[in-house]
Number of protein chains: 2
Amino acid sequence: MSAQIRMGIAGYGNLGRGVEAAIAKNADMELVGIYSRRDPSSVVPLGQDTPVYSMDALAAHTNDIDVLILCGGSKSDLPDQGPALAAMFNTVDSFDTHARIPEYFAAVDAPALASGKTALISAGWDPGMFSINRVFGEALLPDGDTYTFWGRGLSQGHSDAIRRVAGVAGGVQYTIPSETAIDEVRSGSRPELTTRQKHIRECFVVLKEGAREDAVRAEIVSMPHYFDQYDTTVVFITAAELARDHSAMPHGGFVIRSGNTTDGHAQVIEYSLALGSNPEFTSSVLVAYARAVHRMNAAGQFGAKTVFDVAPGLLSPKSAAELRAELL
Amino acid sequence: MSAQIRMGIAGYGNLGRGVEAAIAKNADMELVGIYSRRDPSSVVPLGQDTPVYSMDALAAHTNDIDVLILCGGSKSDLPDQGPALAAMFNTVDSFDTHARIPEYFAAVDAPALASGKTALISAGWDPGMFSINRVFGEALLPDGDTYTFWGRGLSQGHSDAIRRVAGVAGGVQYTIPSETAIDEVRSGSRPELTTRQKHIRECFVVLKEGAREDAVRAEIVSMPHYFDQYDTTVVFITAAELARDHSAMPHGGFVIRSGNTTDGHAQVIEYSLALGSNPEFTSSVLVAYARAVHRMNAAGQFGAKTVFDVAPGLLSPKSAAELRAELL
């Protein structure tokens, strides 16, 4: 019997909790500990027996952890943690600031290479599974167009933007892909679509006392970049309704590649996700990629990696022979 | 400027023609020649300038071809050609007899390893892209169920079965996935579905003179394995209608993984294909994998491989840095 993969979790918010839940679903893994910047005694893990340590304890645990999953945010946590921890551990993270990926990759690559570690960056679903499907789509149908739609899903950034509007006590924003646009893409006609045609934005807003619906709605729908390029609906609700109906974090979307193999033949590839919980699915992806990272490190593949560098079979607990017999 | 990948095509039916068309869509590839068991002068390639050789000429062309795509059938061609040609060339094939894949893998692996060649077997869409999505689905949602639906598409095997019925002059069979079943799977409820619930079979049949509709219909719908476990409709048409309306080869289908990350949260991953031409899409997949095989061979990865062993980035003509910057 082969030993279990020893996992660590660095950072314990929604993503860290999702990773803890995902590790419990994988029999070939065990959770060594959660590492938090908070006082460990204030952290309540899902598993009663899960050890919780201070983030400072990580340096003393390098021999106890096969793969460390970094569950911090892309804005302020990962730019520091990613390079620092890749010097000590094999890591997986969900760095998702698309424009800064090349610079983050380089920052993680150097310490990982120098230490003989493997560091997979930007895993999850977008970046992640959606990215893989964009690559597959281009490669399989070089004469074609790729379309990405997001939603129906809660957008954290847009929800934050709503809550900064004067007169707003609370609120959430859902990004909704246009069914009309998706159907047009699915037809194989390869349409050109504007930003407004692809997605609709739906806001549920709780007003502060004395605030006026008209004024708040007008400020939201005209907000540059966030809402002005979209058709946006604003629905006013009570604080009780917000708490009752809008605390889940669903998300998902579609990557569609439409192309022609010859002039007469259109081909359409579609990948879609309907996620009951965005952070739990992202976590589940990170955990599967941790298995691949463990194997790649054992095979001497050091440095920073992305999902593009990982053969699909490495994600599975099954052997290559089992996969060929059962799933090919 | 790097040299183009020099491609060869062994076998020139629907699949070989599709490969010729696909190579023309990939600027980093050039077609060295088509190799046929027929008299080369009787083969009419799509490209006026495409050289056509006898299959026997292959042994003299080992230095001219980087990757040879085997376009023969799984029943009688590939079991011999696969091992024989993997001793001389890097190869890609679409061996699709699922139950015999382990034995075929072994038969190709030995000569490829001995000759320092890379031989990718069983590429295409099923086996192929559907297989990859079954592996991804299991790995990303270990607590879940996988559903594969095929169609709407022309089934060659079932069409052949119809044409063997007494009184039948011609006919085709379409496999149609049940919309009701797909919607149930998409809901995340993880239903158990019988064979009859998943697919419907639709036959278009031309009768021989004097044959009786009732008798032919009864024989078709009760045919063991092919039709008896399905709800089958039989529509009688004229030979002219068969030629006019049923000569295309559409196909496609769905791989859906429905799983739970926690008891409260269902997640659904769906991959689907809507193919205007089944052989042309399969060919396009083979050609993209030829690029990966070329690179894997250059990296010293010899022997038989499957799509499970190929990192997605290897399929793309773009560099790893370009992929990270543009598609991650």
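Labels below follow one simple rule: chain letters A, B, ... track the order of the sequence lines, proteins then strands, and each chain is numbered from 1. Please read all numbers here as calculations on a predicted model, not as lab measurements.
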Do A/Thr262 and B/Glu280 get their side chains close enough for a donor-acceptor pair, meaning under 3.5 Å? yes

Let me know if A/Ile132 has heavy atoms under 4.5 Å from chain B in its side chain, its backbone, both or neither. side chain

Which atom pair, heavy atoms only, marks the closest approach of B/Asn260 to A/Lys25? O-CE, 3.6 Å

Measuring heavy-atom distances to chain A, does B/Asn133 have an atom under 4.5 Å in its side chain, in its backbone, in both, or in neither? side chain

Examine whether an atom of A/Tyr289 lies under 4.5 Å from a heavy atom of chain B, and if so say whether it belongs to the side chain, the backbone or both; otherwise answer neither. side chain

Minimal non-hydrogen separation, A/Arg324 against B/Thr306, with atom names: CD-CG2, 3.5 Å

Checking A/Ala22 against chain B: side chain, backbone, both or neither under 4.5 Å from a heavy atom? neither

With a 4.5 angstrom heavy-atom cut-off, could you sort out which part of A/Val285 is near chain B: side chain, backbone, both or neither? both

Can you give me the closest heavy-atom contact between A/Ala288 and B/Leu140, atom names plus distance? CB-CD2, 3.8 Å

Relative to chain A, which segment of B/Val135 carries a heavy atom at a distance below 4.5 Å: side chain, backbone, both, or neither? both

A/Arg134 and its side-chain contact (heavy atoms from CB on, under 4.5 Å) partner, picked from B/Leu328, B/Leu323, B/Leu327: B/Leu327

Side chain from CB out, backbone as N, CA, C, O: work out which of these in B/Val307 comes under 4.5 Å of a heavy atom of chain A, or both, or neither. both

Does A/Ser272 offer a backbone N or O that forms a donor-acceptor pair with the side chain of B/Glu270 under 3.5 Å? no

Check whether A/Asp126 gets within reach of chain B through its side chain, its backbone, both or neither, counting any heavy atom under 4.5 Å. side chain

I'd like to know if the side chain of B/Gln267 and the backbone of A/Ser277 have a donor-acceptor N/O pair within less than 3.5 Å. yes

Leading residue by heavy atom contact count with chain B [cutoff under 4.5 Å; candidates A/Arg291, A/His98, A/Met129]: A/Met129

Residues B/Glu138 and A/Lys318 bridged, charged N to O under 4.0 Å: yes

Decide if atom CG of A/Asp183 counts as having more than 12 heavy atoms of other residues, nucleotides or ligands within a radius under 6.0 Å. yes

With chain B, the option among A/Gly313, A/Ser131, A/Ala27, A/Pro312 that has the most non-hydrogen atom pairs under 4.5 Å is A/Pro312

Does CZ belonging to B/Arg186 count more than 12 external heavy atoms closer than 6.0 Å? yes

Is it the case that atom CZ in A/Arg190 sees more than 12 heavy atoms from other parts of the structure closer than 6.0 Å? yes

Compare every heavy atom of B/Phe308 with every heavy atom of A/Ala311, then report the nearest pair and how far apart it is. CB-O, 3.4 Å

Could you state the interatomic distance from CZ (A/Phe281) to CG (B/Leu141), rounded to the nearest 0.5 Å? 5.5 Å

Residue among B/Gly276, B/Gly18, B/Gly259 with most heavy-atom pairs under 4.5 Å to chain A: B/Gly276

Of B/Ala320, B/Ser284, B/Pro250, the largest count of non-hydrogen pairs under 4.5 angstrom with chain A goes to B/Ser284

Which of the residues B/Ser316, B/Ala21, B/Ala266, B/Gly188 is involved in the greatest number of heavy-atom pairs with chain A at under 4.5 angstrom? B/Ala266

Give, as side chain, backbone, both or neither, the part of B/Phe105 having an atom under 4.5 angstrom from any heavy atom of chain A. side chain

Pair count under 4.5 Å, heavy atoms only, with chain B: among A/Ala274, A/Pro102, A/Ala325, highest is A/Ala274

Let me confirm one number: the CG-NE2 distance from A/Asn278 to B/His265, rounded to the nearest 0.5 Å. 10.5 Å

